[in-house]
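Quick notes on the structure that follows.
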Amino acid sequence: MHQYSNLQELQANLLMKKFSMEDVVLAYLDKIKTDQPTLNDFITIMEESALEQARLLDEKIATGVKLGELAGTVLAIKDNILVKDQLCTAGSKILENYIAPYNATVIEKLLAADAIIIGKTNMDELACGSSNQTSYFGPVKNPVNTDCVPGGSSGGSAAAVAAEHCAVALGSDTGGSIRQPASFCGLWGLKGTYGAVSRYGVTAMASSFDQIGPLATNPDDLFRVFEVLQGQDNNDLTTLDYKFDFKNAEKIDIKKLRLGIVPEYFAKTDKPELYQELLEELKAAGLEVKELTLPEPDLALAIYYILQPAELSTNLARLDGIRYGYHSAARETLDAFYRNNRGAGFGPEIKRRLILGTYVLSAEYYGAYYKKAQQAREYLRAEYRKLFENIDLIYIPTTLGPAFRLDEKMDPLQMYLEDIFTVSANVLGIPALSLPLPYADGELPRGAQFMAAWQREDQLQAIGQFIYNKIHKK
Ligand code: GLN
């Protein structure tokens, strides 16, 4: 592989013509082809179009045309984000033949910035899961240790970056699906403020939680890609009117950041001392640290697993095999046709959530569950608003432990508990970053998580870059 530590360096090399973009893409494609049979991280490899994009970029370089800010960035895209004329399965049988008719807004933005798309990545079915084991296209293996899961639901995206199949990948994060796989694969993952990034052209999971974001090997690439993705979009009226600017982070004085920690959360993990070590570094750098008692620690998870299935069940109503997607040959009655299509098209985890979601939305139980959960969500938002008056960042673990083994059977409830530290950011709509704690060869990575107040991704970038320079950069 061509060696460069981040995209800036790669761009400089391209401009100095040390190698061509075509060389870079060919090297990635080679590596993908070697590893794909084992890792299974891609659903579609876009060999032809990636090479074509690379040649176009080489031409631009040769003729001295001004390059876009992501020129040279090779990206893999989670398979729930539409890339025109490519398969977009969302990891589900019901969409196994679905070809995207248009580009998602994020794809338009990446292409306009001269990024190159190399393929579509495997994922948990319709983004439900924390291990990538629910995909109709089979599980993905963790490149750090192939006996283990890569995490989910953006497991293919995380594996693709960790295996050097691309420089950066896009994932979607509804309850942790960028941060948890980033944590399991030793990567950096960012979920922005709800509304920071357009959801237009994304297979909706739970619309009031979903956000697209990047996974990368370093904070520089992560936030540069985020800068391009972010911004208001007329096609998604939930997008917010503010602009994240990569350059702003350098104006932030780390010593002035007030850091909130929850010591019991570190104690819940399998290696509290690792989290403590990073904390000591931050204290030594002069950050003010406050111990927090978070309002009702388990509440966010309970809220999530009521509202998420509710929203999922309404969003998935459109997947009935009538207009598009898988449909069965048996169609004696309309009712049977629906049942056959959805019965065969969805896997067990989706069916579980559809039952849960329609139950909490049913006339009889709506008040007791759905409405209550909405009220609790508002209560939590108000509590955190108060909390953020006295602190800037909250530092907690991303997960309880490292990647678990592929053959470890987990019951659904145990799997839902995987999200205990990640769902709060989605329930509240605040931005959150997962970054890898240092780990030795042969060990499994673990992630540290930083959450900031609404629209303060600049503070996450500042702390991320500080930690990177301090402990990651060789
Ligand atoms: N593990 C969570 C779930 O299964 C998160 C999913 C996600 O963020 N897409 O719902």
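Because the structure is a prediction, the values reported are computed rather than measured. Note that these values count all heavy atoms, side chains included, but never hydrogens, waters or copies made by symmetry. Start at 1 and go down the list; that is how both ligands and their atoms are numbered.
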Those atoms of ligand 1 less than 4.0 Å from some heavy atom in G176: 8 (O)
For C128, counting its heavy atoms only, list the atoms of ligand 1 lying under 4.0 Å from any of them.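 Per the distance check, 4 (O).
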Can you measure from CG (N426) to NZ (K191) and round to the nearest 0.5 angstrom?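 With rounding to 0.5 Å, CG (N426) is 5.0 Å from NZ (K191).
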For the atom pair CG (L400) and NZ (K268), what is the distance rounded to the nearest 0.5 Å?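 Atom-to-atom, L400:CG and K268:NZ are 7.5 Å apart.
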Would one find an N or O of R353, backbone or side chain, under 3.5 Å from an N or O of ligand 1?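 Among all N and O atoms of R353, at least one is under 3.5 Å from an N or O of ligand 1.
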Return a yes/no value for D173: is any of its N or O atoms, backbone included, closer than 3.5 angstrom to an N or O of ligand 1?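 No, since none of the N or O atoms of D173 sits under 3.5 Å from an N or O of ligand 1.
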Sub-3.5 Å donor-acceptor pair from the side chain of E277 to the main-chain atoms of L274, do we have one?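 No: the side chain of E277 does not pair with the backbone of L274.
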Give the contacting part of [X] toward ligand 1: side chain, backbone, both or neither, where contact means a heavy-atom distance below 4.0 Å.
X	answer
S153	side chain
M205	side chain
Y304	side chain

Please write down residue, atom name and distance for the protein heavy atom closest to atom 2 (C) of ligand 1.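 The closest heavy atom on the protein side is D419 OD2, 3.1 Å.
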Tell me: protein heavy atom nearest atom 6 (C) of ligand 1, and distance? S177 OG, 2.9 Å
Does the residue Y305 have a heavy-atom contact with ligand 1, meaning some pair of atoms that are separated by less than 4.0 Å? yes
I would like to know whether F266 and Y395 meet ring-ring contact (aromatic ring centres under 6.0 Å, His included); could you show each step before the answer? CA-CA 10 Å; F266 294 154; Y395 163 38; 4.9 Å; yes
Validate the cation-pi geometry between [X] and [Y]: distance from NZ or CZ to the six-membered ring centre under 6.0 Å, angle to the ring axis within 45°.
X	Y	answer
R385	W454	yes
R377	F209	yes
K93	Y326	yes

